[in-house]
Amino acid sequence: MTDNLFQPYALNNTLELNNRILMAPLTRCMADDDLVPTQAMADYYGRRTDAGLIISEAVIIRPDAQGYPNTPGLFTPEQIQGWLKVTDAVHKNGGKIFAQLWHTGRVAHPHFFGGGEVLAPSAIGVEGSVPRMRELTYQTPKAVSHQEIAQLVKDYAQAAANAIDAGFDGVEIHGANGYLIDQFLHYDSNVRSDEYGASPENMIRFALQVVDAITGRIGNDRTALRISPGAYFNMAGDSRDRDVFDLLLAELEQRELAFLHIGIFDDSMEFDYLGGRASSYVRANYRNTLVGVGSYSAESASAAIGEDKFDLIAIGRPFIANPDYVAKVRTGEALTAYSDDMLASLV
Ligand code: FNR
Ligand code: 8K6
């Protein structure tokens, strides 16, 4: 039974979705060398417009945000033009698409932006190296100054405005998966002693400044946020993180965003300090629209929506394997299984 997935859903007075299925943001590393989206990317997204809403692959807001090869940007006129091809393809087929705005923080690598500093809340690096480019080991970042934080906030807001110029229906701020915004929200990566660290009030400040700058620019109806209260990727959890997220959720609730989205690969993971699953924790502490994600099938997602665990489901890997995911689920046709070698091309 997948009926619950096929109910329309109004995010707010501005945006109504035809169904409850979101295409999850999926980095594909297929932009050209100027980080401009290509026609092949427009075709790829254009094939997936049956989703109630597509969230684009993460899009870097400025050069030093980049941590992987050929991830698209939204900071040059050429990149905006490239995205217009994508959003046209989606809208022509009756779909909707948000841009996911990204800064990788300490997971950035200067190889991609001609040298220079890697910025993060604190000078604590991640172990290891860039996936598939093992010669690029991660560097110890520089703790950002107040002036640099103010500039980052401006650059997020500008990228959001650029997204609207590029025809996107809205933006999802990437506050999840151990990247810059998430780095401020966890004690593992934030040991600051100024007004951006050392207490929940301070640790949520950067995230809220980004949210407020973007909603001020493009409206709360068109702004969403993805968060990872349970640390699982490029980040270690700390029991004190719970208080940070409790306060963040209370603050976010008042801002009436289009939706809040969990960032996780497998929602059956449980976190001691959250008292269970990340999605259950957020549901219990946040009343507005919640998007679940993480190793769900259409059947398990429909059941979870029926049990009010979240309102919408984001589907990732199955959408890579099945451009026609929604049609297949609707008709009960068998899905093609995802495998990692599918990442080599855009189908
Ligand atoms: C991802 N994911 C991800 N998340 C995100 O917030 N921004 C991104 O750009 C990406 N990129 C990305 C690339 C690839 C190849 C994978 C497999 C995953 C995570 C993704 O959105 C989703 O949370 C997970 O894939 C779990 O959902 P599924 O795949 O189990 O439905
Ligand atoms: C050429 C490099 C391509 C790298 C793409 C990276 C996309 C980022 C997200 C995918 C990372 C997968 C990590 C899985 C973590 C699971 C932890 C339980």
Side-chain angles (χ1 to χ4, degrees), residues 2 5 20-31 35 37 41 44-45 48 51 53-61 65-74 97-105 107-108 130-132 159 171-183 185 224-235 259-269 277-279 282 290-302 304-305 310 312-322 325-326 328-329 335-347:
T2 59
L5 303 181
R20 306 283 184 112
I21 304 172
L22 273 59
M23 176 176 165
L26 294 160
T27 289
R28 301 304 310 271
C29 301
M30 296 283 184
L35 312 186
M41 287 167 62
Y44 159 87
Y45 284 109
R48 289 164 170 81
L53 178 66
I54 296 171
I55 314 289
S56 79
E57 63 202 280
V59 181
I60 59 171
I61 62 162
Q66 190 175 352
Y68 306 91
N70 298 91
T71 51
L74 248 175
I97 183 166
F98 273 31
Q100 193 192 46
L101 302 183
W102 196 23
H103 193 300
T104 61
V107 190
V130 177
R132 288 191 242 166
V171 305
E172 175 177 280
I173 302 163
H174 197 341
N177 298 354
Y179 298 117
L180 180 63
I181 292 173
D182 202 25
Q183 289 159 24
L185 297 172
L225 175 66
R226 193 173 214 201
I227 55 168
S228 296
Y232 75 104
F233 183 54
N234 283 327
M235 184 76 83
F259 56 86
L260 191 61
H261 184 184
I262 310 284
I264 195 149
F265 270 68
D266 183 351
D267 193 32
S268 68
M269 275 181 84
R277 295 179 175 209
S279 60
V282 175
L290 179 63
V291 181
V293 73
S295 304
Y296 281 92
S297 65
E299 291 74 17
S300 63
S302 182
I305 289 173
F310 39 77
L312 303 163
I313 182 70
I315 297 289
R317 287 161 288 188
F319 249 120
I320 292 178
N322 302 273
Y325 178 84
V326 174
K328 281 182 171 167
V329 169
L335 294 171
T336 302
Y338 167 83
S339 75
D340 285 341
D341 40 274
M342 292 175 180
L343 295 178
S345 62
L346 280 181
V347 174

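Everything numeric in this text was worked out from a predicted model, so none of it was measured. Order of listing sets the numbers, starting from 1, for every ligand and every atom in it.
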Inset, instruction - Describe, in one word, how the ring planes of Tyr68 and Trp102 are oriented to each other, choosing from parallel (under 30°), tilted (30 to 60°) and perpendicular (over 60°). - result: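 The arrangement is parallel - the two ring planes meet at less than 30°.
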
Side-chain donor-acceptor distances from residues 337-347 under 3.5 Å, at least two apart:
| unit_1 | atom_1 | unit_2 | atom_2 | d |
| --- | --- | --- | --- | --- |
| Tyr338 | OH | Asp340 | OD1 | 2.8 |
| Ser339 | OG | Asp341 | OD1 | 3.3 |
| Ser339 | OG | Asp341 | OD2 | 3.1 |

Taking N or O atoms only and a 3.5 Å limit, does [X] qualify as a polar contact for ligand 1?
X      : result
Tyr296 : no
Arg226 : yes
Ile264 : yes

Legend entry - Partners meeting ring-ring contact (aromatic ring centres under 6.0 Å, His included) with Tyr45 (sequence neighbours left out):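 Testing Tyr45 for ring-ring contact (aromatic ring centres under 6.0 Å, His included), a comparison that skips the adjacent residues, returns none.
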
Legend entry - Side-chain donor/acceptor of Ser228 to backbone N/O of Asn177, under 3.5 Å: yes

Legend entry - Atoms in ligand 1 with a heavy atom of Ala58 nearer than 4.0 Å: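 It comes down to these atoms of ligand 1: 9 (O).
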
Inset, instruction - Measure the spacing between CG of Leu5 and CD of Glu299 and express it to the nearest 0.5 Å. - result: 8.5 Å

Inset, instruction - Would you kindly specify which portion of Leu26 sits under 4.0 Å from ligand 1, judged on non-hydrogen atoms: side chain, backbone, both or neither? - result: both

Legend entry - Region of Gln100 engaging ligand 1 - heavy atom pairs below 4.0 Å: side chain

Legend entry - Nearest option to atom 18 (C) of ligand 1, as decided by whichever heavy atom of Tyr179, Phe265, Phe319 sits closest: Phe265

